[in-house]
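Below you'll find the structure, written out as structure tokens, and then a few comments.
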Amino acid sequence: MAKYFDVHPENPQPRSIAQVADAVRSGGLIAYPTDSCYALGCRLGSRDGLDRIRSIRHLDDRHHFTLMCRDFAQLGQFVQVDNDVFRAVKASTPGSYTFILPATREVPRKLLHPKKRTVGVRIPDHVVTQALLAEMGEPLLSSTLLLPDEEEPMTQGWEIKDRLDHVVDAVVDSGDCGTEPTTVVDFSGGVAEIVRRGAGDTSRFE
């Protein structure tokens, strides 16, 4: 059974955040809120967590996973960013954007797009997510919590607990965080290509 954490959306309880971080460090898979919708998350090097996310969402090896990063300095450890891209990404973070960029050697090969050698990265504008990332001191390997054959992600922590009780280790509930996923911008070719229009304003990339 998954542990359930009722976390205050503006003043997250440090004890609860520490317990969630411990669950991730121990190899656990969590469902947690972000500034666009709920996500599944595990430790970067967790093969089991990665396999479980793929199983829950029925993903193939072409799916771009996302590294949820605390800040731009952390993001820069995992992707290659030239000057023009740096300015564009910096101006849009934190926020509801996922950027696809060439990965550095810090990213495990199994997370990379098999042909492009890219990975998704983002910096969330969400108090609870930021508290968790600060506690962990490392990114969360993440994917939107969108179940197969469903058009919208789940938004209620209790519903996620009820439906995924035996496939995740913890559920973090800090209230409704919406159903619109991030805007995805692919910079791997050097210029912005909008892959998905979502919660982030796309006008700055057009």
Side-chain angles (χ1 to χ4, degrees), residues 1-5 7 19-69 78-79 96 98-101 103 106-122 124 126 128-129 132-133 135-136 138-174 176-182 184 186 195-196 198-199:
M1 289 180 61
K3 293 182 179 179
Y4 182 80
F5 295 91
V7 178
Q19 289 177 316
V20 176
D22 284 344
V24 176
R25 291 190 193 101
S26 299
L29 177 64
I30 65 170
Y32 69 101
T34 77
D35 52 339
S36 59
C37 48
Y38 265 88
L40 294 167
C42 66
R43 199 169 190 179
L44 179 56
S46 174
R47 179 181 293 273
D48 177 66
L50 179 66
D51 290 344
R52 289 163 70 188
I53 292 173
R54 281 199 166 116
S55 175
I56 291 168
R57 292 204 54 201
H58 295 183
L59 301 174
D60 60 27
D61 62 0
R62 295 187 301 277
H63 177 75
H64 264 111
F65 284 92
T66 298
L67 301 184
M68 193 75 72
C69 299
F78 298 95
V79 289
S96 299
T98 298
F99 299 101
I100 297 173
L101 289 160
E106 298 294 319
V107 181
R109 181 177 295 181
K110 60 182 176 290
L111 298 185
L112 303 180
H113 186 283
K115 292 183 179 179
K116 296 182 177 181
R117 320 306 286 173
T118 50
V119 71
V121 287
R122 88 180 195 87
H126 192 281
V128 174
T129 316
L132 178 57
L133 292 170
E135 177 68 26
M136 289 191 58
E138 60 185 270
L140 270 170
L141 168 62
S142 297
S143 182
T144 302
L145 208 178
L146 180 62
L147 298 182
D149 302 321
E150 295 197 5
E151 294 184 1
E152 291 192 341
M154 288 184 286
T155 62
Q156 303 293 335
W158 61 266
E159 180 188 12
I160 295 168
K161 170 78 163 71
D162 186 52
R163 293 187 62 182
L164 301 182
D165 202 24
H166 297 289
V167 292
V168 300
D169 299 292
V171 176
V172 181
D173 189 349
S174 62
D176 193 330
C177 57
T179 60
E180 192 171 20
T182 57
V184 179
D186 187 343
V195 177
R196 179 179 71 196

Within the distance-only criterion (no hydrogens, no angle test), does the side chain of Arg196 pair as donor or acceptor with the backbone N or O of Thr182 below 3.5 angstrom?
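Indeed, once roles are kept as given, a pair shorter than 3.5 Å links the two residues.
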Whether the side chain of Asp165 engages the backbone of Met1 through a donor-acceptor N/O pair (distance < 3.5 Å, no angle test) should be reported.
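Judged by distance alone, no pair lies under 3.5 Å.
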Considering all heavy atoms, the nearest [X]-[Y] contact:
{"X": "Phe78", "Y": "Leu44", "value": "CE2-CD2, 3.5 Å"}
{"X": "Asp173", "Y": "Tyr38", "value": "CA-OH, 3.4 Å"}
{"X": "Thr129", "Y": "Pro124", "value": "CG2-CG, 3.6 Å"}
{"X": "Leu29", "Y": "Gly49", "value": "CD1-O, 4.4 Å"}
{"X": "Leu133", "Y": "Leu140", "value": "CD2-N, 3.9 Å"}
{"X": "His64", "Y": "Gly120", "value": "CD2-N, 4.2 Å"}

Let me confirm one number: the [atom1]-[atom2] distance from [X] to [Y], rounded to the nearest 0.5 Å.
{"X": "Met154", "Y": "Asp176", "atom1": "CE", "atom2": "CG", "value": "12.5 Å"}
{"X": "Cys177", "Y": "Gln156", "atom1": "SG", "atom2": "CD", "value": "9.0 Å"}
{"X": "Phe99", "Y": "Cys69", "atom1": "CZ", "atom2": "SG", "value": "11.5 Å"}
{"X": "Leu164", "Y": "Glu159", "atom1": "CG", "atom2": "CD", "value": "9.0 Å"}
{"X": "Asp48", "Y": "Ile53", "atom1": "CG", "atom2": "CD1", "value": "10.0 Å"}
{"X": "Glu135", "Y": "Leu132", "atom1": "CD", "atom2": "CG", "value": "8.0 Å"}

Is it the case that the side chains of Ser96 and Ser36 hold a donor-acceptor pair, with the cut-off being a distance below 3.5 Å and no angle test?
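Result is no, nothing qualifies.
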Determine whether the side chains of Arg54 and Ser143 contain a donor N or O and an acceptor N or O closer than 3.5 Å.
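Note: Arg54 and Ser143 side chains miss the donor-acceptor criterion.
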Show the numbers, then the answer: is there a side chain to side chain contact (heavy atoms under 4.5 Å, CB included) between Arg122 and Thr34?
CA-CA 11 Å; Arg122 88 180 195 87; Thr34 77; 2.9 Å; yes
Is the closest side-chain heavy-atom distance between Ile100 and His113 below 4.5 Å?
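When only atoms from C-beta onward are counted, His113 and Ile100 do not touch, as no gap falls below 4.5 Å.
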Is there side-chain contact between Thr179 and Cys37, with heavy atoms separated by less than 4.5 Å?
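Thr179 does not reach Cys37 side chain to side chain.
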Count the heavy atoms of every other residue, nucleotide or ligand shown that sit under 6.0 Å from CZ of Arg47, and state whether that count exceeds 12.
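Open: at most 12 neighbouring heavy atoms sit under 6.0 Å from CZ of Arg47.
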I'd like to know whether Val79 forms a side chain to side chain contact (heavy atoms under 4.5 Å, CB included) with Leu67, so could you lay out the CA-CA distance, the side-chain angles of the two residues, the decisive distance to 0.1 Å, and finally the verdict.
CA-CA 10 Å; Val79 289; Leu67 301 184; 6.0 Å; no
The single option from Arg52, Lys3, Lys161 passing salt bridge (Lys or Arg N to Asp or Glu O under 4.0 Å) against Asp169
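Looking at Arg52, Lys3, Lys161, the match for Asp169 under the salt bridge (Lys or Arg N to Asp or Glu O under 4.0 Å) is Arg52.
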Can you name the residues that form a side-chain hydrogen bond (donor to acceptor under 3.5 Å, both in side chains) with [X], not counting sequence neighbours?
{"X": "Ser142", "value": "Tyr32"}
{"X": "Arg43", "value": "Glu138"}
{"X": "Asp149", "value": "none"}

Residue that, paired with Leu40, satisfies side chain to side chain contact (heavy atoms under 4.5 Å, CB included) out of Leu141, Ile56, Ile30
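Going through the options one by one, the only one that passes is Ile56.
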Decide yes or no on side chain to side chain contact (heavy atoms under 4.5 Å, CB included) for Asp22 and Val24, but give the supporting numbers first.
CA-CA 5 Å; Asp22 284 344; Val24 176; over 6 Å; no
